[in-house]
Amino acid sequence: MIKVASYLLLTIILLVFFMPLFYTISPYELNPNKILQSPSLQHLFGTDRLGRDILARVLEGGQTSLIIGFLAASISSLIGLFIGINAGYFKGNIDKSITIIIDLFLTFPTFFLLLALVSYIQASSVILIIVISITGWMGMARLIRSESFAISTKPYIKILTLANVSKRKIIFKYFAPLLAPIFLISFTFAVGGSILAESGLSFLGLGINPPNMSWGSLLSDGKAVIDIAWWVSFFPGLMIFIITFCLIQISDFLQEYLNTKEVQKV
């Protein structure tokens, strides 16, 4: 399953970013003579209610969704990594303060916090990346904090601290390699979560606005004609499902693999 998920994820990413170089139909071109045409050889994914090619729009929207998903997950994961290491390594008042901040953020359901933020801001790709990053770092921070606590209790870390080795060197040379696998697992899962968050906001009309598009906004476009033209919503929804499913499968595999390695060490 992991090979299928990896190949499928890679294939979709390559198609989204490189297929538009060869598939020359414009995602913005209106054609009143081709309104709501079902999938065919001429239009593989059919057309929408303005006669626009769905495949071209799925490819264009996929670029937006994937870029937002990966960038937002990268930023939020790095924020969580930085905060988690500081809490786990320095402990004391720093850890207590960070824990209070994390708990405050976790008090509000993440998606409702996203809705509250974007309701007062004119949404764009950059704004969505920032907002999703701000609301998505807590899980990574808690996980890294927990692991950093465990690492800081190791004898050689205590010896390095007593030997006055710089904190920066200890964190980058000794903490980072041990935290890298956990970071990778959490990051993979975060990418899927970020794509779903962007898609949810765009579906509700609070994300990407026309003429720009994402998988979420394309999914929203089709809800008005779902009873007569299933393909308008089906294909962008299918892309969201496949991408998130593949990322979850990869994350689960990495976690299982690393747990097996830990058991073998013991």
Distance in Å, Leu59 CG paired with Thr64 OG1, rounded so as to fall on 0.5 Å steps
11.5 Å
Nearest atoms (heavy-atom pairs only) where Tyr7 meets Thr11
O-OG1, 2.7 Å
Closer than 3.5 angstrom, by distance alone: can the side chain of Trp137 be matched with the main-chain N or O of Ala73 as a donor-acceptor pair?
no
Looking at Phe253, is Lys3 sitting on its ring face, NZ or CZ under 6.0 Å from the six-membered ring centre and within 45 degrees of the normal?
no
Between Asn86 and the options Ile98, Asp95, Leu81, the side-chain contact (heavy atoms from CB on, under 4.5 Å) test singles out Ile98
Listed by chain and number, what are the side-chain hydrogen bond (donor to acceptor under 3.5 Å, both in side chains) partners of Ser202, not counting sequence neighbours?
Glu198, Ser214
Passing candidate, side-chain contact (heavy atoms from CB on, under 4.5 Å) with Asp48, options Ile35, Val225, Asp53, Ile54
Ile54
Keeping the roles fixed (side chain from Thr47, backbone from Arg52), state whether a donor-acceptor pair exists under 3.5 Å.
no
Residues in ring-ring contact (aromatic ring centres under 6.0 Å, His included) with Phe234, at least two apart?
Trp230
Ser6 versus Ile250: any side-chain heavy-atom pair under 4.5 Å?
yes
Please list all pairs meeting ring-ring contact (aromatic ring centres under 6.0 Å, His included) that have one or both residues in residues 23-47, counting only residues at least two apart or in different chains.
Phe45-Phe235
Could you go through Leu254 and Phe189, starting from their C-alpha distance and side-chain angles, then the distance that decides it, and tell me whether this counts as side chain to side chain contact (heavy atoms under 4.5 Å, CB included)?
CA-CA 11 Å; Leu254 290 173; Phe189 192 80; over 6 Å; no
Tell me the closest heavy-atom pair linking Val16 and Gly62, and the distance in Å.
CG1-C, 3.5 Å
Out of curiosity, Ser125 OG to Gln63 CD, how far, rounded to the nearest 0.5 Å?
11.0 Å
Do NZ/NE/NH1/NH2 and the carboxylate oxygens of Asp221 and Arg57 come within less than 4.0 Å?
yes
Shortest non-hydrogen contact between Ser148 and Gly84, atoms and distance
OG-O, 3.9 Å
Using 0.5 Å steps for rounding, measure from the CE atom of Met19 to the OG1 atom of Thr24.
10.5 Å
Test side chain to side chain contact (heavy atoms under 4.5 Å, CB included) on Ile226 and Val232 and set out the steps.
CA-CA 7 Å; Ile226 189 66; Val232 180; over 6 Å; no
Polar side-chain atom of Trp215 near backbone of Gly237 as donor-acceptor pair, under 3.5 Å:
no
Do NZ/NE/NH1/NH2 and the carboxylate oxygens of Arg142 and Asp103 come within less than 4.0 Å?
yes
Backbone N/O of Ile185 and side chain of Ser251: donor-acceptor pair under 3.5 Å
yes
Locate the shortest heavy-atom distance separating Gly192 from Thr244; write the atom from each residue and the value.
O-CG2, 3.7 Å
Same cluster for Phe241 and Ile12 if Ile/Leu/Val/Met/Phe/Trp/Tyr side chains link at under 4.5 Å?
yes
Establish whether Leu30 and Leu55 are linked, either directly or via other cluster members, by ILVMFWY side-chain heavy-atom contacts under 4.5 Å.
no
Should we say atom CZ of Phe17 is surrounded by more than 12 heavy atoms from elsewhere, each under 6.0 Å from it?
yes
Any link between Ile195 and Leu14 through a network of hydrophobic side chains (Ile, Leu, Val, Met, Phe, Trp, Tyr) touching at under 4.5 Å?
yes
Just verifying a value: how many Å separate Leu128 CG and Leu71 CG, rounded to the nearest 0.5 Å?
12.0 Å
Step by step, work out the side chain to side chain contact (heavy atoms under 4.5 Å, CB included) result for Val58 and Met239.
CA-CA 8 Å; Val58 166; Met239 293 298 105; 3.7 Å; yes
Start with the C-alpha distance between Ile132 and Ser76, add both sets of side-chain angles, then the distance that settles side chain to side chain contact (heavy atoms under 4.5 Å, CB included), and finish with yes or no.
CA-CA 8 Å; Ile132 294 173; Ser76 63; over 6 Å; no
If you take all heavy atoms of Leu15 and Pro20, which pair is closest and at what distance?
O-CD, 3.5 Å
At what distance, to the nearest 0.5 angstrom, does CD1 of Ile242 lie from CG of Leu238?
4.0 Å
So if you build clusters from Ile, Leu, Val, Met, Phe, Trp, Tyr with side-chain heavy-atom gaps below 4.5 Å, do Leu66 and Leu21 land together?
yes
In this structure, CD1 of Ile85 is separated from CZ of Phe183 (nearest 0.5 Å) by 9.5 Å
Tell me the closest heavy-atom pair linking Cys246 and Ala5, and the distance in Å.
SG-O, 3.5 Å
Can you confirm whether Phe149 is buried at CZ, in the sense that more than 12 heavy atoms of other residues, nucleotides or ligands lie under 6.0 Å from that atom?
yes
Kindly work out whether a path of hydrophobic side-chain contacts (I/L/V/M/F/W/Y, heavy atoms less than 4.5 Å apart) joins Val4 to Leu10.
no
Tell me, yes or no, whether the heavy-atom count around Lys223 atom NZ, taken from other residues, nucleotides or ligands under 6.0 Å, exceeds 12.
yes
So, Ser217 side chain and Met213 main chain: donor-acceptor pair closer than 3.5 Å or not?
no
Taking Ser186 for its side chain and Met140 for its backbone only, find out whether a donor-acceptor pair lies under 3.5 Å.
no
